[in-house]
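What follows is a single structure, written as structure tokens, with notes after it.
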Amino acid sequence: MSITPGALEDEFSLTTAVTRLDFLSRRDSGATTLNTVADVDEDDWSSFRETPTSLDVPESLELLALGEVVARKAHDSQLVGFRAALRGGASWAQVAQALDVSPGEAWTLFQRLIERQERARLLDPQDAAAARQLAGAQPR
């Protein structure tokens, strides 16, 4: 099996991908020393908690790919958040504050998300038009 974001994206929901990403991230100690031996008391299971671990190559590649999967899935959910906020009556100033950008930048980002999902055929033309109407004119 090839470890790619595309392969993992279909396999994992966002929640599962984040959980696995967190697990792998916590399991890797980040140590750069190779071939180290730790003295572990075999009768005390809690000593394993203190022993640093390192990911093998497939796990480290999975960690990289999962990071990309989480970023993609989170990015895809932005359009849902925009539409919900605007339908609920949020102003572009409020949306912009939630994204830590200016209102004009938030509006432009919303337009780009609509275009991207429309090109990917995730959003049909009628829904794209409705989203653009919901956005209204670009704020100044």
Point to revise | CZ (Arg112) with more than 12 external heavy atoms under 6.0 Å | key: no
Exercise for review: Using a 4.5 Å cut-off on heavy atoms from C-beta on, say whether the side chain of Asp28 contacts that of Ser60.
Suggested key: no
Check your understanding: According to a 4.5 Å side-chain heavy-atom criterion applied to Ile, Leu, Val, Met, Phe, Trp and Tyr, with indirect links allowed, do Leu122 and Leu109 form part of one hydrophobic cluster?
Key -> no
**Study point:** Closest heavy-atom pair and its distance - Leu21, Gly67
**Key:** CD1-N, 3.7 Å
Point to revise | Joint hydrophobic cluster, Trp92 plus Leu79, side-chain heavy atoms closer than 4.5 Å | key: yes
Review point. Is it the case that more than 12 heavy atoms not belonging to Asp100 sit under 6.0 Å from its CG atom?
Key: no
**Study point:** Gap between atom CZ of Arg27 and atom CG of Asp22 - 0.5 Å precision
**Key:** 13.0 Å
Point to revise | Path from Leu99 to Val80 over hydrophobic side-chain contacts below 4.5 Å | key: no
Study note, to complete from the structure: Taken to the nearest 0.5 Å, the spacing of Phe110 CZ from Gln78 CD works out to 11.0 Å
Check your understanding: What is the distance from atom CG of Asp124 to atom CG of Asp127, rounded to the nearest 0.5 Å?
Key -> 4.0 Å
Review point. Is there a donor-acceptor pair under 3.5 Å between the side chain of Gln117 and the backbone N or O of Ile114?
Key: no
Study note, to complete from the structure: In this structure, OG of Ser25 is separated from CG of Leu55 (nearest 0.5 Å) by 8.0 Å
Review point. Where is the tightest heavy-atom contact between Leu14 and Ala74, given as atom of each residue plus distance?
Key: CD1-N, 4.5 Å
Point to revise | Glu105 and Ser102 side chains, donor-acceptor separation under 3.5 Å | key: yes
**Study point:** Residue pair Thr108 / Gln138: nearest heavy atoms and the distance that separates them
**Key:** OG1-NE2, 3.4 Å
Check your understanding: Is a donor on one side and an acceptor on the other found under 3.5 Å between the side chain of Lys73 and the backbone of Ser13?
Key -> no
Check your understanding: Taking atom CZ of Arg72 and atom CD of Glu68, what is their separation to the nearest 0.5 Å?
Key -> 4.5 Å
**Study point:** Atom CD of Gln111: over 12 foreign heavy atoms under 6.0 Å
**Key:** yes
Exercise for review: Of all the heavy-atom pairs spanning Ala93 and Pro103, show the shortest one and how long it is.
Suggested key: CA-CG, 4.0 Å
Revision key, fill the gap. Given the options Val18, Leu66, Thr19, Phe12 meets side chain to side chain contact (heavy atoms under 4.5 Å, CB included) only with Leu66
Review point. Which value, rounded to the nearest 0.5 Å, describes the distance between Asp10 atom CG and Thr4 atom OG1?
Key: 8.5 Å
Practice item. Would you name the heavy atoms of Ala17 and Val69 that are closest together and state the gap between them? Key: CB-CG1, 4.1 Å
Practice item. Could you check if a side-chain atom of Glu115 sits within less than 4.5 angstrom of a side-chain atom of Arg132, using non-hydrogen atoms only? Key: yes
Review point. For Gly136 and Trp107, which heavy atoms make the closest approach, and how far apart are they?
Key: O-NE1, 3.0 Å
